[in-house]
Amino acid sequence: METYNNVVLEQLPKHLKRYVVAQQYERYTALDQALWRYVMRQNYSFLKDVAYYPYIPGLKKAGLSISHIPDLQQMNDSLKLIGWGAVTVDGFIPPAAFMEFQAHRVLVIAADIRQLEHIEYTPAPDIIHESSGHAPIIGEPDYAVYLQYFGEIGTKALSSRKDFELYEAIRHLSILKEHAGTTETELVEAENKLKTVQDNMGEPSEMALLSRLHWWTVEYGLIGSLDDPKIYGAGLLSSIGESASCMQKSVPKLPYDLNTVAYTYDITKPQPQLFVTPDFEHLMDVLNQFADTMAFRVGGKQSLEKAIDCQAVCTIVYSSGLQVSGIFKAANADQSISYIQTVGPTALACSGKQLEGHGINYHREGYGSPVGLLADSNKDLADFSDEELTTYGISQGKRCSLCFSSGVEVEGVVLKVVRQAGKVVLISFDDCEVYRNDRREVYFKPEWGVYDMAVGTEIISVFAGAADKDAYESIEEGTEKSSVLSYTQIEDSKLLVLHAQIGALRSGSFATERWTDIFDQLSAEITDNWLALVELYEIAWANYAYDLTESVQGKLKAIITIRPSLKKLIDDGIRVAKEEPLNNH
């Protein structure tokens, strides 16, 4: 893991640190820096009037500058003052990991930067979106609390196998759209794959619904009144195209409430409508309303069945506090849960800490245990005193027979009783048989070894992932690296040199007589030279070199004639150069 000086990052669990990569700041080219400056100057010009949070103070609080791509250590030096941190990652990471970083008050920032042809908007995560979009608003305390709390809720959300397929399809398409060498055939294939997955998602999972709330708030949220909302969503704050177009009356503005979960979204397209919250407290209210429907708060058989549908590692929590983490198989047909069963590596924990000797290596073939009251008792076995345990024959070295109200029976020699926080959470048996209906359903046989019986009358919570992720992480499903790290991928090295020379002009390390020479070189046939010309225009205008500005503007008009799609970008660049003083903000 790349290390940054920030106590918030030092407290990250090991299983999250594996996603962190080095920023490799030296790989950003002068063109990358120019691209950052253009987007940020455009954003500031527009957002100073429509963004909810004062944009420049927010940037400074987050350690960001309009003039250059942020250095992660500088960001951390600033963010740690408000209890947050930031790390660089390689493009997309799994949604659950993203949420967990957020829960730990850490911004996840893609190290790559968008390509010039996607300067207005990129569907792939990049450093412009992640830093200039998310970071400035963190300085608003109520929003920071919401963001962290959303991460905590999101970490618990159950996903489906279809969610993972959708994530992979979106991730693949977004990377292809951002990669300079992608062919039209590759794009069409990826788009068709995504559509196929989207058309066959079935009922949305908790994570799918929660992702919609995240999208319409954290990414694309508006705040204030329906008639005059302000932007706070990171997707809008970092998009020089959509931040302006979204405020048009043609884009419907709807009140944000729990019904927003019904609205799907497409990460690759402008949004057809946006949602407005009156304040950040309202966001918390809606999030809690949704959380009250989630398996980690509801528990019971319905929640267990959601975990079974996941076909991924989940955790169930017994009323005793015992946590069982693994991949769960089909529940019984009873009205309530009588027996739980996992397949493959399973771990037992309490309060998020794995019980000694009960990790994935010990329970590598799966795990099963009854749930419920003993047949002749109205008291949870977890609350039995030592004397009450003895009354039921539960004494070390003694053979006992336990019959549950569901009809499940456990017969064996007691090896050990484990208590946690005063409650019985586990009873281990030797020479044990577990069955129901006079052995027509056999759950465990003596020859299988020691039987570790979980204790509890009901399943009170079900959530995604392992209870102790650091202990479980060695077998959790990994995600293929995106391997894009798309710092500028451009073959025109001459253009990169000219961008570097323009940067030197701005800093004053190049003599002014070089201006005309740079312009003459840019006037030659060079791919994507419009941004360099806009930069040169900006410097010339700020230094009252109006003859040069006229020449540059003439060349830019010629480019627009050839490539009309660049008209808005070029016009906006000239407008901002005239309106905004040339400084480093």
Side-chain angles (χ1 to χ4, degrees), residues 19 89-100 108 110 112 114 118 121-126 129-130 150 154-179 181-220 235 239 242 260-273 290 293-295 305-314 327-328 330 463-465 476-484 486:
Y19 294 107
V89 298
D90 184 7
F92 278 90
I93 64 173
F98 182 90
M99 290 287 186
E100 196 172 357
V108 174
D112 10 341
R114 65 192 63 179
H118 300 142
Y121 171 78
T122 172
D126 85 323
H129 167 73
E130 306 289 358
F150 202 112
T155 302
K156 303 287 189 182
L158 296 173
S159 300
S160 67
R161 178 58 58 178
K162 289 291 185 181
D163 289 337
F164 185 76
E165 291 177 11
L166 180 64
Y167 159 72
E168 284 294 316
I170 291 175
R171 170 180 165 275
H172 180 59
L173 175 59
S174 298
I175 290 171
L176 286 180
K177 283 192 171 186
E178 185 60 24
H179 198 276
T182 301
T183 66
E184 187 63 31
T185 300
E186 289 175 323
L187 272 180
V188 170
E189 288 178 355
E191 287 169 347
N192 290 339
K193 170 67 175 176
L194 175 57
K195 187 176 187 309
T196 299
V197 175
Q198 287 175 325
D199 291 344
N200 295 277
M201 288 297 292
E203 284 297 312
S205 68
E206 288 180 353
M207 181 61 88
L209 294 174
L210 197 62
S211 294
R212 295 177 188 177
L213 295 185
H214 194 271
W215 183 262
W216 299 122
T217 61
V218 174
E219 296 293 352
Y220 280 82
S239 171
E242 202 165 1
T260 305
V261 298
Y263 289 80
T264 59
Y265 61 89
D266 186 339
I267 192 173
T268 65
K269 298 177 181 177
Q271 308 314 306
Q273 75 283 308
F290 180 77
T293 70
M294 292 173 63
E305 288 172 343
K306 286 183 179 180
I308 292 166
D309 289 341
C310 282
Q311 301 176 41
V313 176
C314 297
I327 297 175
F328 291 85
F463 58 86
E476 282 192 323
E477 185 170 20
T479 302
E480 176 190 357
K481 288 282 188 181
S482 70
S483 70
V484 277
S486 55

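We number each residue from 1, following the sequence as shown.
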So, for Tyr19 and Val89, which heavy atoms are closest and what is the spacing to 0.1 Å?
O-CG1, 3.4 Å
Search all heavy atoms of Glu206 against all heavy atoms of Ala295 and return the closest pair with its distance.
OE2-N, 2.6 Å
What one should report as the nearest heavy-atom pair of Thr217 and Phe150 is OG1-CE1, 4.4 Å
With distance as the sole criterion, is a donor-acceptor pair present between the side chains of Glu219 and His129 under 3.5 Å?
yes
Report the C-alpha separation of Val108 and Glu130 in whole Å, then their side-chain angles, then the decisive distance to 0.1 Å, and conclude whether the side-chain contact (heavy atoms from CB on, under 4.5 Å) test is met.
CA-CA 7 Å; Val108 174; Glu130 306 289 358; 5.6 Å; no
Are any side-chain N or O atoms of Asp163 and backbone N or O atoms of Ser160, one a donor and one an acceptor, separated by less than 3.5 Å?
yes
How far does CD of Glu186 sit from CD of Glu189, to the nearest 0.5 angstrom?
7.5 Å
Closest heavy-atom contact between Gly154 and Met207?
O-CE, 3.4 Å
Partner of Gln271 under side-chain hydrogen bond (donor to acceptor under 3.5 Å, both in side chains), picked from Trp215, Trp216, Tyr265, is Trp215
What's the separation between atom OG in Ser205 and atom CZ in Phe164, rounded to the nearest 0.5 Å?
13.5 Å
How close do Arg114 and Asp126 get, counting heavy atoms only, and between which atoms?
NE-OD2, 2.8 Å
For Ala464, side chain to side chain contact (heavy atoms under 4.5 Å, CB included) partners two or more places apart
Leu158
From Thr155 atom OG1 to Met99 atom CE, the distance as rounded to the nearest 0.5 Å:
7.5 Å
Closest heavy-atom contact between Arg212 and Pro204?
NH2-CB, 4.0 Å
Evaluate side-chain contact (heavy atoms from CB on, under 4.5 Å) for Leu187 paired with Leu173, printing each intermediate quantity in order.
CA-CA 7 Å; Leu187 272 180; Leu173 175 59; 4.0 Å; yes
